[in-house]
Student: 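Structure below; questions to follow.
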Amino acid sequence: MAKCISILSILFLSILCHFTPNIAANNVVHFGARGDGRTDSTLPFLRAWMSACSSARPATVYVPRRTFLMKTVTFSGPCRSRIRFQIDGTLVAPNNHRALGNSGFWILFHKVSRLTIYGGTVDARGAGFWACRKNGRNCPAGARSISLIWCNNVLVSGLKSVNSQTMHMAIGHCSNVKIQNVKIIAPSGSPNTDGIHVESSIGVSILDSMIRTGDDCISIGPGSMNLWISRIGCGPGHGISIGSLGNSYNEAGVQNVTVTNSIFTKTQNGVRVKSWARPSGGYARNLHFRNLIMRNVAYPIIIDQKYCPDNVCPRQGSGVKISQVTYRNIKGTSATQAAVKFECSSSNPCRGITLHDIKLTYSNRLFDRPTVAYCSNAMGTHRGSVFPKSCF
Ligand SMILES: *[C@@H]1O[C@H](CO)[C@@H](O)[C@H](O)[C@H]1NC(C)=O
């Protein structure tokens with residue numbers, strides 16, 4: 001009987017072992033990373049990555065709860081199996097902003113599939129770079145904190161990114177990416193510190209995240225398709241933007257983007273589509289903005305096809321064709337009277353815009369004035385109750 005039980009338990013254990021993936025943990029400390037916040041850990045991280053990436057079984061790169069100094073680094077794929085990048089600690093960039101060089105990247109994942117980045121804080125210490133930009137001296141190009149390029153099947157969960165030099169997170173040429181529970185924080189005055197930038201990618205979702213920066217919370221560039229953005233707290237910052245589009249003539253379009261269940265607080269824009277005023281074959285269509293709350297937002301609903309941030313811009317009709325855009329259940333306050341503004345292209349008017357259940361009031365209590373909707377070259381319809389009164 002005893003023999004029988006032990007044979008059974010061995011059988012059980014071997015079945016258990018067989019079905020539990022053998023996740024080898026490559027602890028960066030075992031590869032020589034110091035975790036004192038001062039010693040350059042770039043090479044040990046790369047060695048841990050290469051060990052995980054060459055593993056035939058799912059592997060983990062493990063970063064324990066310490067502070068690691070990282071210079072510019074590229075984690076390259078393709079890898080042999082799934083990788084989990086588990087960060088319990090903090091990665092910091094060197095104090096001298098020039099140390100990140102001119103590549104435009106700080107931490108780059110290149111051609112990696114089946115990747116999970118879990119937890120962690122990344123601090124690019126961008127203040128030195130912003131100050132350099134402000135003084136206009138010959139500054140380096142500036143680095144994005146985390147970039148994912150040519151990637152598939154990626155999950156980023158629980159990451160915190162603070163004070164990037166330029167964008168906090170950039171996703172390009174990827175498919176099937178999920179970003180959830182991230183926190184992105186930079187001062188409201190910091191230049192071009194966009195939260196998450198997506199372009200040339202299909203099937204990206206961004207969920208349950210808090211983004212406070214000096215530029216767009218989320219920016220969506222050409223070639224973005226099937227984006228799902230939900231439960232975002234945005235602000236301060238410039239809001240969620242599609243564009244700038246139409247920068248070049250041969251530009252991929254943007255289609256099927258949904259922004260829902262989100263709150264914008266004291267942002268410059270709420271949901272914005274922007275394009276340069278020049279010829280282009282680009283487009284933006286099937287855009288859905290719904291269940292949004294605006295709190296003291298300067299331009300809650302805006303399409304701007306004469307986008308010109310610094311007064312030296314093209315002044316032609318934008319070639320970017322904007323169509324099938326719905327705004328539904330968007331409520332709250334506008335910090336300007338222009339709560340709804342459609343400044344569309346004279347050569348390619350916006351078509352198929354729907355306003356459905358909108359209530360945006362003027363937040364300035366000193367001037368008791370109504371908000372207004374402004375349309376230029378915009379065609380559409382309204383349903384339900386719409387305030388400010390629709391301009392279609
Ligand atoms: C639009 O994108 C969503 C994901 O955001 C996807 O589920 C849906 O199938 C897409 N719709 C079309 C028509 O492609």
Side-chain angles (χ1 to χ4, degrees), residues 109 112-117 146-159 167-182 184 194-211 216-234 239-245 251-264 269-275 281-293 301 303 320-330 350-357 380-381 383:
F109 292 88
V112 181
S113 294
R114 296 179 295 167
L115 169 70
T116 298
I117 301 172
I146 296 207
S147 304
L148 293 156
I149 305 209
W150 297 109
C151 67
N152 289 302
N153 302 327
V154 172
L155 169 66
V156 179
S157 180
L159 181 80
M167 292 168 177
H168 285 262
M169 199 180 288
I171 296 161
H173 303 280
C174 288
S175 62
N176 193 17
V177 176
K178 187 158 143 185
I179 296 175
Q180 65 185 22
N181 298 316
V182 301
I184 294 178
D194 296 58
I196 301 171
H197 177 76
V198 180
E199 70 174 58
S200 305
S201 294
I202 300 177
V204 176
S205 49
I206 304 172
L207 314 169
D208 301 296
S209 294
M210 196 272 290
I211 306 173
D216 293 332
C217 290
I218 297 172
S219 58
I220 298 158
S224 302
M225 210 169 134
N226 302 357
L227 255 69
W228 187 266
I229 296 168
S230 181
R231 300 186 297 270
I232 304 296
C234 167
I240 294 181
S241 296
I242 295 176
S244 312
L245 303 178
E251 189 180 89
V254 171
Q255 66 180 303
N256 188 17
V257 176
T258 301
V259 179
T260 185
N261 299 341
S262 295
I263 301 182
F264 298 77
N269 308 282
V271 285
R272 169 168 64 163
V273 185
K274 56 178 170 167
S275 78
Y283 61 84
R285 62 187 177 225
N286 297 333
L287 314 178
H288 311 280
F289 303 108
R290 60 174 181 260
N291 307 335
L292 306 176
I293 294 172
I301 292 177
I303 296 178
V320 175
K321 287 161 267 311
I322 297 175
S323 61
Q324 306 313 120
V325 188
T326 61
Y327 300 90
R328 181 167 184 181
N329 187 25
I330 300 181
C350 299
R351 290 169 204 281
I353 299 178
T354 305
L355 289 167
H356 188 167
D357 293 338
T381 53
R383 298 172 62 186

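For ligands, and for the atoms within them, numbers begin at 1 and follow the listed sequence. For reference, positions follow the sequence shown, starting with 1.
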Student: Return the residue, atom name and 0.1 Å-rounded distance of the protein heavy atom closest to atom 4 (C) of ligand 1.
Tutor: Asn226 O, 4.1 Å

Student: Give me the atom names and distance for the closest heavy-atom approach of Ser241 to Asp216.
Tutor: OG-OD1, 3.1 Å

Student: With a 4.0 Å cut-off, strictly under, does atom 7 (O) of ligand 1 pick up any protein heavy atom?
Tutor: no

Student: Quick check on contacts: which atoms of ligand 1 are under 4.0 angstrom from a heavy atom of Trp228?
Tutor: 5 (O)

Student: Locate the shortest heavy-atom distance separating Phe264 from Val271; write the atom from each residue and the value.
Tutor: CZ-CG1, 4.0 Å

Student: For Asn176 and Asn153, which I'm curious about, is there any donor-acceptor pair between the side chains at under 3.5 Å?
Tutor: yes

Student: Quick one: nearest non-hydrogen protein atom to atom 14 (O) of ligand 1, plus distance?
Tutor: Asn256 ND2, 3.5 Å

Student: Nearest protein heavy atom to atom 2 (O) of ligand 1: under 4.0 Å?
Tutor: yes

Student: Applying side-chain contact (heavy atoms from CB on, under 4.5 Å) between Val259 and each of Ile232, Ile206, Ile240, Leu227, report the one that passes.
Tutor: Ile240

Student: To the closest 0.5 Å, what do you measure between CD1 (Ile330) and CG (Asn291)?
Tutor: 8.5 Å

Student: Could you tell me if any non-hydrogen atom of Leu227 lies under 4.0 Å from any atom of ligand 1?
Tutor: yes

